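To start, the structure under review is shown below, and the notes come after it.
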Amino acid sequence: MKIVQPTNQFDNIALIETDRYLHNSYSNFEDLIQTIKLAQSYVNAKNILGPKHPVKKFQYNSELANEEIPFNGKCTEQVLEELTEIFEGSFRVQSKNSMFNLIPNPLIDTLASSILMQIHNNNAIMDSYGGKSILFEQKVSRCIGKLIAWDKACGISCNGGKVTMFYAIKFAIQRIEPKSPINGIPNDLVILISGGAHYSIEHTCSLLGLGKKNCIRIPIESNEGITSEKLKEVFEEQIKQGKRVAAIISCGGTTIDFIHDSTKTIYETTQKIVKEHKLDYTPYLHLDSVIGWLWFTFLKTEKDEITALSDSEEITQKISCVIRKLEKISQYDSIGVDFHKNGLCPYSSSFFIGKDDTIISNDKLSEKYYGELRAFDYTIENTRSSNGIASAWTSIHRLGLTGYQDYLISLYKSSKTISEALNNNCLFNLIDNNSCGWEILFTINFAALKDKMGIPYSYNAIAETFIQYIWNKVDEGYDIPNFSIVKNYGEWFGKKQNHAFIIYNMHRDVTPLTSKSIAELIAEQAMLFEIEIINGNLIPSSQTLATPIK
Ligand SMILES: *Cc1c(COP(=O)(O)O)cnc(C)c1O
């Protein structure tokens, strides 16, 4: 066995010293930059072009069997080179063929801010540790809150959209049952959610101890969301069973179909039910706007101004449609924002934002001074990084309102360009899903299979086998579009249809040429796939695909 003796393990351990670069010596800071460059050179050396870093299937147990702490430390070069294995199988967001989901390609500035927090090892646990981290956290929250006329908005930086819902449900339970932090959750509480809500809500309820079965989905029939009638029906059924509805969580834009409930419908119907049944509580209203928050930036923009900005009636229609759904949002209690989805920030930079300043603590923020805020009094975490706070703040200031508007419009435009390229090829059928988002849904007309074999297999079996074929190739390192599949499209509207393919592009300024190449590459893969089936090398079957996107 070759033993590589470490040079000097402690050479670059002392990040504490990096602040010397502020004074007279740049040495440690330069060391850090050099070390990152070195690590990146090992990534570059792999010369990967596709939408994913290639990976070979592995089994966890056999990978882990011989794993232990090395007796002696290794040198920087060796460790960093070995580390790059971590990327195997991960997305390369830089690739034009990366179109799998809302996966960010962060701005340099938001990345730099996040890394800067790491360099200084800033802890957003409380004022005396993290300096103004909590103040900046509140600045971000206030800025977003003001878009929806919440002039006292406060918030919590957290690890993801799922955690924003965790906070919403937790605050809802605490509001209806103020003693629950001490006594636990009473068993007559339920929450109502939209039929189109993200799959992570049920698990969140289970983590909170509320229980999945107390998280009730209200059926929806279209991306227009929950109707007043259905809400009333489900709510009254719960009242009849002696339950109290602690919260109603509405959709504020989803990945597929951009399901968005009307905040006016939810608010007014809830008010009516409370009055009619003389309830001694009002359900907490949360909007899961982790994607939809970006549309808030248009709330104060006139329609003709939007048209002037977008130069497209269709895009204006979509934006206006979302804006209409936000009437009465000011009556809600909280929202969620994922800057790491469509705020050009790196992971993790989500925010739970509440309408008022009591949300983050039982005492009013307006009465606090520096030194008095302790995030751990209301956060799920104790120690917290300030990465998300810094990158979200940088995103807000770097882009401004008009920057966000341009970004959204450019995503719509890129998507339109890709749709047009698909539409020009008779292999693809676009599904018009009447979405206000920019996802592209389509089916593939596997014509060769039809001609040669009369298609003895179901479309869904072929579609599932095809997407697995694409994903296998992407995992092998092929530079082909990495898109996804929606199983039984329409299922959440109670109108189950065939599977649909989905392209989720996050690149701005996609050109017609790039779009043409995307369409051609998918067409080529479809042809190669058909040959494999015709030759009997592949047999279509319904796979047990984990639903990768929702
Ligand atoms: C992505 C998403 C979530 C979960 O967010 P994470 O950041 O992945 O935790 C919740 N709701 C909606 C609508 C989402 O799109």
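Note that the structure is predicted; figures quoted are calculated from it, not measured. In each ligand, atom 1 is the first atom listed, and ligand 1 is the first ligand listed. When reading the values below, keep in mind they use all heavy atoms of this one structure, side chains included, and skip hydrogens, waters and symmetry mates.
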Task: All side chain to side chain contact (heavy atoms under 4.5 Å, CB included) counterparts of A168, not counting sequence neighbours - done: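 Residues passing side chain to side chain contact (heavy atoms under 4.5 Å, CB included) with A168: Y284, H286, S334, F352.
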TODO: Would you kindly specify which portion of H198 sits under 4.0 Å from ligand 1, judged on non-hydrogen atoms: side chain, backbone, both or neither?
DONE: side chain
Using a strict 4.0 Å cut-off to heavy atoms of [X], name the atoms of ligand 1 that fall inside it.
X    : result
I291 : 15 (O)
G253 : 13 (C)
K341 : 1 (C), 2 (C), 3 (C), 4 (C), 5 (O), 14 (C), 15 (O)
H340 : 7 (O)
D288 : 10 (C), 11 (N), 12 (C), 13 (C)
D338 : 5 (O), 6 (P), 7 (O)
K162 : 4 (C), 5 (O), 6 (P), 9 (O)

TODO: Give me the one residue out of K212, K213, R217 that meets salt bridge (charged side-chain N to carboxylate O under 4.0 Å, His left out) with E202.
DONE: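 With E202 as partner, salt bridge (charged side-chain N to carboxylate O under 4.0 Å, His left out) holds for just one option, R217.
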Open item on the list: Determine whether L102 and T255 satisfy the following criterion, side-chain contact (heavy atoms from CB on, under 4.5 Å), listing intermediate values before the conclusion.
Closed with: CA-CA 8 Å; L102 272 147; T255 316; 4.1 Å; yes
Open item on the list: With respect to S350, determine whether any N or O atom, backbone or side chain, lies less than 3.5 Å from an N or O atom of ligand 1.
Closed with: no
Open item on the list: Tell me whether ligand 1 is touched by G252 - counting only heavy atoms on the residue side and a distance under 4.0 Å.
Closed with: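 False for this residue.
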Task: Lys NZ or Arg CZ of K264 over Y267 ring: under 6.0 Å, within 45° - done: no
- [ ] Could you tell me whether F58 and Y60 have their ring centroids closer than 6.0 angstrom?
- [x]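 That pair passes the under 6.0 Å test.
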Open item on the list: Could you check whether F258 and W295 have their ring centres less than 6.0 Å apart?
Closed with: yes
Task: Test applied, side chain to side chain contact (heavy atoms under 4.5 Å, CB included); reference residue, F339; option that passes from L294, V140, V290, T394 - done: V140
